[in-house]
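Presented below is the structure to which this report refers.
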Amino acid sequence: MNKLVIPKISEKSNFWMVRAGQAGKYYNDFRINGYVGVDTFGIEKQEIPENSKPDIKKIQETYRDSILEKLKKGLSEKELSRRGNGLRISAGRKAATLVTFRHEMKNGDFIITPAPRSQKYLLGFLTKSSDFSISHKRTDEEYHHSPFSEGKEVVWLKIIDFYDIPSDLKYVRHGNGSIFNISQFKDQLLPLYFSKYIYQDTLTVRLDVASKATHTSSEIYALQTVFEESKTDTSVDYIQKTKIASPGFVILTTVVYNADSILNILHALGIGTAITGVPIYVLKNLDKITNFVTTIRDWKRDQAKEDLEIEQLKLNNEATKLDNQKKREALSKTNSSSEISAENVREKLEISDKTVGNPIVPDISVFDSEGE
């Protein structure tokens, strides 16, 4: 039996832009060794008692004062008088970065790290936010080893181009900080990570439009017609974002119990990974993604579900599921002309559900396996 596995994103996950040192010097170190890090200036970490809320302001002041003392060390009275205010500002900024890295970034948070000159970006997520030991692998590729003593483990999913970064976020290319919270762009960033995902009880599917040709209004209308005619129910609503800008994308979002309808649209377009009527499984814990992608082809129906924290996505009720099945069968019998039209639309616009960028870890939602 074919299966479609879709990651479920936690509402508690934040998104962080983390620079790999000055001008991206340690980008390849981060990429090769699966981590991110910052300069801690040899400052001891403030331990937070279990089950208590950290006093971020107090911790930041402690870090600032300690860093300031280190910055002052070895300076003459004249230099201290001249640079005193600047040193305090610098210490405050460095302390804020350290607080964010040590006490705010957590497992399941998403990371974006720019390469030198910010032409490429690493996308991944944190899987270990403490007790991670940095090591530098020996490879045929020469790279700069960071001097950082503390790191957080990252599973890097892919590398994308600057072109793919949302326009509202491109300002960070010229920022001076080491870490930025960019969670306000979550809705624009998640489709860059996964071609299909579930967030806040909605399913989102990103379709890649690879054609570089100029498209006519008739072609755009034909695509929209496919979307409307291929739904399993005319009452199904979805949110659509379209940017067909040679190349571009279409993003479709609907509530999870209408997942069948969105997948039926993909099926009508002839996208092979979307097979209507297949069981949909949800990968709830992204920490398990590397285990999952290495075992997916051998995954059987009754194996590894519990360990991988995968559960089957249920429609509202069995009656809904049976009703959708009947509508799919009717669509396949009566809409043969639409199917041909849909195929032409897919070919002209070069539509697929491939993931954005160059994957490091395969996009799990494009895999299916045979079960017993």
Side-chain angles (χ1 to χ4, degrees), residues 3-15 108-110 123 125 157 164 166 168-169 182-209 223-224 226-243 248-269 271 273-286 288-289 292 309-321 323-324 327-328 351-356 363-368:
K3 307 175 185 68
L4 179 65
V5 182
I6 301 174
K8 183 176 182 179
I9 312 302
S10 170
E11 294 182 34
K12 296 179 180 179
S13 294
N14 287 316
F15 286 69
D109 283 357
F110 289 82
L123 270 60
F125 56 88
L157 295 174
D164 296 313
D168 291 343
L169 187 56
I182 54 175
S183 299
Q184 68 266 37
F185 303 108
K186 183 179 293 187
D187 290 342
Q188 297 163 268
L189 291 169
L190 275 172
L192 301 181
Y193 282 83
F194 303 105
S195 61
K196 305 175 190 70
Y197 62 88
I198 292 172
Y199 177 68
Q200 291 183 331
D201 296 322
T202 61
L203 168 68
T204 295
V205 173
R206 184 191 186 279
L207 300 178
D208 185 73
V209 181
L223 175 63
Q224 204 61 45
V226 172
F227 289 166
E228 289 302 309
E229 291 187 354
S230 301
K231 296 188 299 186
T232 52
D233 193 318
T234 55
S235 66
V236 170
D237 254 342
Y238 55 85
I239 297 170
Q240 179 178 335
K241 297 178 183 178
T242 303
K243 181 186 176 184
F249 59 82
V250 177
I251 296 175
L252 304 175
T253 301
T254 190
V255 290
V256 290
Y257 55 78
N258 286 333
D260 250 16
S261 202
I262 292 290
L263 296 180
N264 207 55
I265 291 173
L266 272 65
H267 181 60
L269 287 167
I271 295 174
T273 59
I275 304 172
T276 55
V278 304
I280 304 171
Y281 290 86
V282 180
L283 179 62
K284 298 172 64 178
N285 188 344
L286 286 180
K288 308 290 186 180
I289 193 170
F292 183 75
E309 298 191 38
I310 294 174
E311 65 178 22
Q312 187 168 354
L313 178 67
K314 303 291 185 182
L315 294 179
N316 258 356
N317 52 56
E318 193 64 24
T320 302
K321 185 175 180 181
D323 190 42
N324 282 346
K327 287 172 182 174
R328 277 196 301 273
I351 296 176
S352 72
D353 63 342
K354 75 173 186 177
T355 186
V356 179
D363 185 344
I364 61 170
S365 64
V366 304
F367 282 102
D368 61 84

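Ring planes of Phe15 and Phe110: parallel class, angle under 30° (limits at 30 and 60°).
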Task: Derivation and outcome, side chain to side chain contact (heavy atoms under 4.5 Å, CB included), residues Asp168 and Gln188 - done: CA-CA 9 Å; Asp168 291 343; Gln188 297 163 268; 3.8 Å; yes

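Under a 3.5 Å cut-off, the side chain of Thr254 and the backbone N or O of Leu203 do not form any donor-acceptor pair.
Of the inter-residue distances, the one linking Ser10 atom OG with Phe125 atom CZ reads 12.5 Å to the nearest 0.5 angstrom. Note that CD of Glu229 is 11.5 Å distant from CD of Gln224, once rounded to the nearest 0.5 Å.
Pairing each heavy atom of Thr355 with each of Tyr193, the nearest pair is OG1-O, 4.1 Å. For Gly108 against Ser13, the heavy-atom pair with the smallest separation is O-OG, 2.9 Å. Of all heavy-atom pairs between Arg206 and Gly248, the closest is NH2-O, 4.4 Å. Considering all non-hydrogen atoms of both residues, Lys12 and Asp109 come closest at O-OD1, 4.0 Å.
By the ring pair (Phe, Tyr, Trp, His ring centres under 6.0 Å) test, Phe249 is found to be paired with no residue, residues two or more places apart in sequence or in another chain being considered. For Glu11, there are no salt bridge (Lys or Arg N to Asp or Glu O under 4.0 Å) partners at least two apart in sequence or on another chain.
Residues Val256 and Ile198 have side chains in contact (heavy-atom distance under 4.5 Å, counting atoms from C-beta outward). Here the side chains of Val356 and Asp208 are not in contact, with every heavy-atom distance at 4.5 Å or above. Between Phe185 and Pro166, every side-chain heavy-atom pair lies at or beyond the 4.5 Å cut-off. Considering only heavy atoms from C-beta on, Val250 comes within 4.5 Å of Leu223 through its side chain. Counting only heavy atoms from C-beta outward, the side chains of Leu157 and Phe194 approach each other to under 4.5 Å.
A donor-acceptor contact closer than 3.5 angstrom links the side chains of Ser183 and Asn14. Counted by atom type alone, Thr204 and Thr253 present one or more donor-acceptor pairs between their side chains at under 3.5 Å.
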